[in-house]
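Computation of the quantities below employed the complete heavy-atom set of this structure, encompassing side-chain atoms and omitting hydrogens, waters and symmetry-equivalent molecules.
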Amino acid sequence: MSVSKVLGIISFIFLSVCSSAYAENTIEIDDAWSPEAPPVVKVMAGYMVIKNKLNSDITIKSASSPLFNRVEIHLTEMKDGIARMVKQENLTIKANQSVELKPNGLHMMLMGRKQPISKGSKIPVTLVFNNNISHTVKLSVKNQAQDDHSHHHHH
Amino acid sequence: MSSENTRSAQKVILPVLLGIISLIVGIWLSQQMLSNNNDNKIPKNLDATVLPNARPLTGFNLIDHNGEAFGPEQLKGQWSYLFFGFTNCPDVCPATLKEMQSMWKSLPTKQGMTGHPKLYFVSVDPDRDPPETLKKYVQFFNSEFIGLSGHLDQIDKLTRQIGILYGYDEKENNDDKEYIVNHSSQLILVDPKGRMRAVISPPHISKTIANNFQTIRTFYGD
């Protein structure tokens, strides 16, 4: 193997490690969960708190999961008692602020489930931000949110 | 007439008049108390809009998730909740049905007992929600819940009487099976006479709904 190839590989590893460490310090995602859904439907929801630790706004450009055909972010808007889902093409999280995805509000829509997903399992979802940072979060499949608040808060 | 006769006449007329007046007042008062349509006596301070005049629901023909005919007659005999949605709804419908499941668990009554309500999930998306799908869907939340579906024109007969609105977002293409349906998310409480009695707007919180149900049920009777 040539020197340049070795250098190339080392740089790549170095940069990957840096960027994931960098990601940890810029974006934090907590309480990621998905309510266990009836097996008869192929759509599930994703909820979480996304914290932007940067001094500039960030925007979610795309989301994906190996367990679903596609992942979108929607906002449930209640207007005159009608629940309308508005697709969020670019969800922005302002500098040093958090955005909460929760029932009857902002949520991830996981569509086209590829395999059965049961309570207790984890759904990996990768979010790609406008600064090309990607962050993979694992949604805990459970019955309701209250389990979460007594559990981990990773830093 | 002599003054003596006048006085004895007065002795009879006055009590009789008083008697008639008290009788009329008594009847009127008891009518007020027994009447179900007292605007000034509907339960207040609830997180629900109680209709002063219950609205009969008529003229719709749906089918339940067992394929049995479901019409206005089936809403009679017990209290019922109606909720309109679709199974491919990721957020509002599961969240509401989960709250109703919690509410069911907190009810003092059990299936078959007097005063025990029913919950009907009416799909406004018959293309993707045939009865078999609805059955599996609702029973995931509670084995007592019942799914209703049917032709859109029949669904419309019911939604229009209640004031429920729904619409489909644009499909990506003709084969799109992932289109979104927007829909009213109020819970509708129907009385044992099959009449719309109350509207419960979101956010739906099981404890509040349960308390309101007991209040309304106690007030109007089973």
Side-chain angles (χ1 to χ4, degrees), chain A residues 33-48 63 65 67-89 100-114 116-119 123 125 139 141-147, chain B residues 49 65 83-99 101-102 121 124-125 128-130 132-141 145 147 162-170 172 176-188 199-206:
Chain A
W33 71 289
S34 175
E36 191 198 359
V40 72
V41 288
K42 302 247 183 318
V43 62
M44 290 175 79
Y47 304 118
M48 64 199 68
S65 171
L67 301 183
F68 290 84
N69 285 334
R70 55 184 174 144
V71 178
E72 293 176 1
I73 297 177
H74 287 251
L75 172 63
T76 294
E77 270 182 356
M78 295 285 187
K79 215 172 161 191
D80 306 322
I82 301 181
R84 213 171 284 271
M85 291 227 296
V86 181
K87 186 172 169 184
Q88 309 289 294
E89 297 285 0
E100 190 179 359
L101 279 66
K102 59 179 185 210
N104 294 309
L106 274 169
H107 58 277
M108 246 181 216
M109 195 161 145
L110 310 159
M111 300 147 84
R113 180 172 47 75
K114 293 180 184 175
I117 296 175
S118 55
K119 189 166 68 177
I123 302 169
V125 173
L139 310 177
V141 181
K142 48 178 71 169
N143 259 328
Q144 47 224 8
Q146 45 225 64
D147 290 3
Chain B
T49 306
H65 65 217
F83 185 68
F84 296 79
F86 63 114
T87 67
N88 281 279
C89 175
D91 182 46
V92 172
C93 304
T96 303
L97 288 171
K98 284 220 164 90
E99 283 299 313
Q101 152 65 349
S102 292
F121 178 67
V124 291
D125 187 17
R128 288 184 297 188
D129 292 343
E132 317 85 69
T133 301
L134 275 177
K135 184 171 186 173
K136 288 179 192 159
Y137 183 79
V138 298
Q139 291 189 337
F140 171 84
F141 297 99
F145 292 172
I162 296 173
I164 293 285
L165 301 168
Y166 68 92
Y168 303 116
D169 266 5
E170 265 182 57
E172 304 247 318
D176 185 12
K177 286 273 165 218
E178 289 168 347
Y179 57 88
I180 286 158
V181 183
N182 299 308
H183 57 93
S184 299
S185 54
Q186 288 101 333
L187 277 158
I188 308 296
V199 179
I200 299 118
S201 293
H204 298 305
I205 299 160
S206 57

Side chain, backbone, both or neither: which part of [X] has a heavy atom under 4.5 Å from chain B?
X	value
A/A37	backbone
A/E36	both
A/M85	both

*Do you know which two heavy atoms are closest between A/P38 and B/F140, and how far apart they sit?*
CG-CD2, 3.5 Å
*Least distance between heavy atoms, A/V43 atom then B/C89 atom*: CG1-N, 4.4 Å
*asked:* Any heavy-atom pair between the side chains of A/R70 and B/E178 that's under 4.5 Å?
replied: yes
Non-hydrogen atoms of chain A under 4.5 Å away: do they reach the side chain of [X], the backbone, both or neither?
X	result
B/P94	neither
B/S185	both
B/F141	side chain

*Between A/N104 (side chain) and B/D91 (backbone), is there a donor-acceptor pair under 3.5 Å?*
no
*So how far is it from A/R84 CZ to B/S184 OG, rounded to the nearest 0.5 Å?*
9.0 Å
_Inter-residue atom distance A/K87.NZ - B/I180.CD1, 0.5 Å rounding_ = 8.0 Å
*Could you tell me which of B/V199, B/T87, B/D169, B/T96 has the largest number of non-hydrogen atom pairs under 4.5 Å with chain A?*
B/T87
*Report the option among B/H204, B/Q139, B/K136, B/R128 that has the most heavy-atom pairs separated by less than 4.5 Å from atoms of chain A.*
B/K136
*asked:* Consider side chain to side chain contact (heavy atoms under 4.5 Å, CB included). Of B/T133, B/L134, B/V138, which one does A/V40 pass it with?
replied: B/T133
